[in-house]
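Accompanying notes for the structure given below.
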Amino acid sequence: MVQNCIWIFSLPLIAFVLQASLGKKLPRQGDFISVIALLGSFLLALPIFLQVVSTGNISEAMSFTWISLPLPIPDSFLTSHPGISSPTFNLDIGILLNNPTAIMLGMVTFCCFLIHLFSTGYMKGEDRYHMFFAYISLFSAAMLGLVVSDNLFTFFMCWEVMGVCSYALIGFYYKKPSAINASIKAFMTTRVGDTCFFLGLMGLYIVFGTSNFSEIYQGLQGGFAEGKTILGVSALSFIGFMIMMGTIGKSAQFPLQIWLPDAMEGPTPVSALIHAATMVSGGVFLLIRTFPILEAGHVLPIIAYVGAITAFLAAMVAVVQTDIKKVLAYSTISQLGYMVMGIGVGAFAAAFLHLITHALFKACLFLCSGSVIHAVHTQDMREMGALRTKMPLTFISMLIATLAISGVPFFSGFVSKDRILGGALAYGMEHQVHALIPILGFAAALLTAFYMFRLIYMTFCGPAKDEHKHTHAHEMPWNMVLPTLLLSGLSLSIWFAGPTGIHGLDPFEVHWFDNAVAAAQTQAGIALHHGDEHIAHSAHGIALVLSLILATAGILLATFTYLKHLISADAWKSRLAPLYNVLVHKYYFDELYINVIIQRGLLVWNNLLARFDDRVVDRILVDGWKDISMGIKAFIGKFDDLVVDRIFVDGTGYVTAAGGWILRRFQTGRVQQYVILSLIGFTVAFICLVAGPK
Amino acid sequence: MLSWMIFSPLIGMAAILAMPRNRPDIVRWAAVITTAVPLALGVMVFSQFDRSTAAMQFVEQVSWIAPFNIEYYVGIDGLSVPMVLLTVLLSFICIFASWNIENGVKGYFAMFLLLESAMLGVFCALDFFLFFVFWEVMLLPMYFLIGIWGGANKVYAATKFFLYTLAGSVLMLLVMLGMYFTTEPHTFSLLQLANLHPFSTMTMDLFGWQLPMDKVFFVGLFIGFAIKVPIWPFHTWLPWAHVEAPTAVSVILAGVLLKMGTYGILRISYPILPSATLWAADAMAILGVISILYGAFCAMAQKDLKKLVAYSSVSHMGYVILGMASLTTAGVNGAVLQMFNHGTSTAMLFLLVGVIYDRAHHRWIVKPDGSRGFGGIAPVVPVYTGVMAIAVFASLGLPGLSGFISEALVFLGAFSVPRFQMYVIIGSLGIVLGAAYLLWMFMRVFLGPLNEEWSGLTDMNWRERFTLIPLTILVVVLGVYPMPVLKLMGTTVAKLLTSLT
């Protein structure tokens, strides 16, 4: 099985190399290579995934030494201990195939394959078609490499490669200034988080001497990190905080969330890839892999707040967006906030489940929105409407995914979101100072149902707003419809919990996920402290009722506003104008970061420093020596003129003139003479060497 | 074998000088052949070099100036081999990059070969006097290559380079003589000095102060070498020299010459002055971090492509200093690897800047009048853009390309020294800034709407591709698997560190 893992990420990598080098010359620009490679990965991942589903446990690993550097050991030590080979500093890399790996592999290969298939339709006829497939294949390869990594070092490497792929893909339409700005913004924002992550990684090496997950888990259980500090704080807190920063960058959490909405500049399949299956999920997967560190480092409460704030703030902005992809972008940020919050409150399994369910329904939503955009050639929902009849299959897929994200029973999102909210509520009830966390979480649940149904109504229902666009709209070909249907089929709760998804009401229940994650927790040594069982139980009951009420309320509110028009959205807009403005400007984060910190801060500082370098360091401190020596020369010249010249009038003059004549012979400025002179010098040296005394 | 390697370019130079003036092609091909010989010998060294020992290999030792105990003493160990390989490879490539030099072809290639000879000499010399001779000989061709075949301000830049380096050399000379006269028996042999290293117990009288001799020597040597690296604040000659130098000379300057400074510190200062090294490590780390940030900030403000790359070199050499200062296995190995990797990736960047300069006759990212220098040329020159993207990403430390692993090792080494942790955190800002200025440059030159002025640019020709292919391969291969280079140096670095602790 573990050998298959190598192929799982190598196949897309090979596809990338082939596509980038030969793609243009192949028939269909070689898109079949990428699609087949991803299909191959999926077929290889499927047995691994099914083994976890059926047996609930998989645990294999392999590793080898990648870098090995001899450590400094005195020779005397080695000679006195003849049996010992000299010790080395090693960076070992390898593959860890355990339950989380297997679950992720199943999800990622499945989504990536469908996104590849969808792209063959969506990107048809685009410029640089082959490069598009090269990039998304590399993207998939990096994500799969990240999933199977047994250590944080290669995890980080794949993480960075994903960052570059996102840069290339978001800026795929590189003639559009908005696209390249978005791509650079995405790369730089995540790079800030990545750098912190990297420092956390360095910290891990100091504390544990390794970044291998299994060894770290063992080290933590062995109390290996106790008493160690970095910069005066507990080493684990430092590492945990830095790793959290990595997630904040990559998963677009507050306050580094600004890049993700702009990332919608990329082609829509890219949005599906980045925001569902791969990059942003990578950030949450990092938290899942490093959960024991985060727990031991006591950073979980911070993570919970980050997640809750993100979930709420992003959901608020999503309400006022009119671009269909922007709504989905903010909903992604918000849902990622849920996952991060889930990790923070210790609802490890729930967060992981939400990662999987969200990936499936969000990929579906993005691909459906891609179909819609492809059909009507606009992203503005105000120009859509009444597409229900024109694109029935897309409508059904999107509706199912919307029900899932809104948290309606029978659909997958309900199961995972309800558990996260239950966990958050239990956390809030137990630690009442943190009551804000569940409050924000529930508020976001209401908003989610509202803005998602707003999207559905504006896009598919009501009268057509633009007749021309409406008449030309049509259903998509099979290679675009099939992926959306498959993904929506997997957005049903039956695959994860039971037909209704409500615990206790289901005629039969599905336990594979819970079993697998429970086993994974044991492997990682996570002994989740459940607090008061009684509180937890009642919290889950309350959360169930509350989330049902809130989802219903959100859907009804959207129905009254955008379908029945009983409530006027415009009236509320003007009534809440200040809030509306703040939301439309995304809380002015972009203005703060770009206008203030970068334009007014960094660039001004750069220019000042460059000028300082030029004018002060170079002109004064360096060239100043010339002026000083010129001054001395002038002084001596005067001295020479007034004193020396008057005294030793003639003789000196002749001598100087003669000397100058001789020197001028050498300073002809002709290269050949210099060359010959130096050559003579060299030759003399060489002769001395060869013929000289031995 | 080493002597053949060092002096074969010189033979070629003599041959070129004897050639007729009106046949530039013969001169060029002679230069190709001449640089191919050291390259072939370099490959042999790579295959025959024994990685398991830290002892000097391929040693040649003969008395040269016997009364002063000066020897012609050459040999290579794990520190020198990567540098030697870099030198022979880049020199060979640079001959092709100089193909379009039209004026004074003979003189140019003769100078170039002399330069290669001297560079190889510096990396192979084991006698301080010999080292110094090669070091000084190197200045001469460099001065003329910039001063004659350079750009508009060539004389100013060449003079600045010359005087600056000379100032450093004077300090080096004084330290060298000081070492010679204070050891008993008087010797210039670097290995012997390293075995004796008697200076930590001595003091010297300087302007009436009693100063510990090893620290004075260390500071003197360090300034001499720091000018070459260049470490802030001794860096201001570099942007000038780079901007004015012809492409191939920039490549050699950034690819090889800068490494001589750090090589010198590792070869001479570290083993001979171990206690002073420990004493100076903190200061070196701080200077390294300042260089990283200062270079990056200045690079961000540059409007000239070449100046941007030049300042990025200041920044990237800062990593080398930081890694060296850490005195850890990962840090020092990372530093030497970074020397090599910076050599390949910066060489790529300079070659690429040269490619566009040959066509456009300017290198402005933003012209002085504020208009776009280029912009949106990616679809016009796709191959060029692709190679540039690889060079940019290698330079900004993308995992999978060579720059990442050396920077990671440097940070890993430095971070494991508790008192350097703050420096590392500050220095890590350089990772963010590095990405910023490079990607910003890439965006402004290659992406966006096409600047119609350059819609007629031609893509790289086969000669230009030929110069970049080997470097691209190295950058990718060493990014995925850096052990071929790390294995060369590992044992030597371990021994060096053993001697320091």
Side-chain angles (χ1 to χ4, degrees), chain A residues 66-75 86 89 153 156-158 160-161 164 167 171 174-177 180 184 187-188 191-192 194-195 198-199 202-203 205-206 230-231 602-603 605-607 609-611 613 617-618 621-623 671-672 674-676 678-679 682 685-686 688-689 692-694, chain B residues 7 10 13-14 17 62-66 72 104 107 110-111 114 137 140 144 148 164 233 236 294 297-298 300-302 329-330 333 376 378 393 398-400 404 411-412 415-416 421-422 424-425 428 431-432 435-436 439-440 443 447-450 482-483 486 490-491 493-495 497-498 501:
Chain A
W66 182 43
I67 288 176
S68 160
L69 304 169
L71 284 169
I73 295 295
D75 288 339
S86 45
F89 167 89
F153 200 86
F156 177 76
M157 291 176 67
C158 294
E160 284 284 283
V161 172
V164 171
Y167 169 79
Y174 61 84
K175 288 171 190 162
K176 265 168 69 186
I180 51 179
I184 217 164
F187 191 82
M188 291 314 301
R191 186 97 171 165
V192 173
D194 295 355
T195 304
F198 184 67
L199 290 170
M202 302 290 106
Y205 269 95
I206 295 177
I230 292 174
L231 293 170
L602 186 65
L603 293 185
W605 158 250
N606 287 336
N607 283 323
L609 200 68
R611 210 168 281 182
D613 193 54
V617 181
D618 195 39
L621 296 182
V622 179
D623 287 359
V671 201
Q672 270 152 328
Y674 286 102
V675 176
I676 288 169
S678 61
L679 187 66
F682 240 112
F686 196 62
C688 290
L689 171 78
K694 300 276 168 177
Chain B
F7 293 109
L10 220 56
M13 171 183 160
L17 286 178
V62 281
S63 179
W64 181 20
I65 305 173
Y72 174 80
M111 281 297 163
L114 177 61
V137 167
L140 182 88
F144 290 112
I148 295 177
Y164 222 135
T236 59
Y294 193 94
F297 281 128
C298 287
M300 276 185 100
Q302 296 310 319
T329 304
N333 277 294
F393 282 116
L398 174 73
F404 167 73
F411 277 124
L412 202 54
F415 206 63
S416 60
Q421 279 166 356
M422 201 62 212
V424 172
I425 289 178
S428 69
I431 302 179
V432 180
L439 288 183
W440 207 28
M443 175 180 103
L447 309 178
L450 176 64
M483 279 316 281
L486 284 172
T491 324
V493 170
K495 188 186 157 224
L497 290 175
T498 316
T501 44

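Not measured: the values here are computed from a predicted model. Lettering follows sequence order; numbering is per chain, from 1.
- Considering every non-hydrogen atom in both Phe89(A) and Leu412(B), the closest pair reads CZ-CD2, 3.5 Å.
- Ranked by heavy-atom pairs under 4.5 Å with chain B, the first of Tyr205(A), Phe156(A), Tyr167(A) is Tyr167(A).
- Taken to the nearest 0.5 Å, the CZ atom of Phe393(B) stands 10.5 Å off from the CD atom of Glu160(A).
- For Met422(B), the parts lying near chain A are the backbone and the side chain together; criterion is any non-hydrogen pair under 4.5 Å.
- Listed options Ala301(B), Gly104(B), Ser416(B) were ranked by heavy-atom pairs under 4.5 angstrom with chain A; first place goes to Ala301(B).
- No other option in Ile431(B), Thr491(B), Leu450(B), Leu486(B) has as many heavy-atom pairs under 4.5 Å with chain A as Ile431(B).
- Distance check, rounded to the nearest 0.5 Å: CH2 of Trp66(A) to CE of Met483(B) gives 10.5 Å.
- Under the 4.5 Å side-chain criterion, counting only non-hydrogen atoms from C-beta, Ile206(A) is in contact with Gln421(B).
- For a residue to count as touching a neighbouring chain, one of its non-hydrogen atoms must lie under 4.5 Å from one of that chain's; by this rule Ile184(A) touches chain B with the side chain only.
- Residues Phe415(B) and Met202(A) come closest through the heavy atom pair CD2-CB, 3.4 Å.
- If you tally non-hydrogen atom pairs under 4.5 Å between each of Ala330(B), Gly448(B), Gly490(B) and chain A, the highest count goes to Gly448(B).
- Both the backbone and the side chain of Leu439(B) come within contact range of chain A, each with at least one heavy atom under 4.5 Å from a heavy atom of that chain.
- Minimum heavy-atom separation, Met157(A) to Gly400(B): CE-N, 3.9 Å.
- The two residues Leu71(A) and Ala494(B) come nearest to each other via the heavy atoms O-CB, 3.8 Å.
- Scanning both residues, Pro399(B) and Val161(A), for their nearest heavy atoms gives O-CG2, 3.6 Å.
- More than 12 heavy atoms of other shown residues, nucleotides or ligands fall within 6.0 angstrom of atom NZ in Lys176(A).
- Nearest heavy atoms, Pro70(A) versus Thr329(B): O-CG2, 3.4 Å.
- When Ile65(B), Val424(B), Val493(B), Val432(B) are compared by the number of non-hydrogen pairs under 4.5 Å with chain A, Val432(B) comes out ahead.
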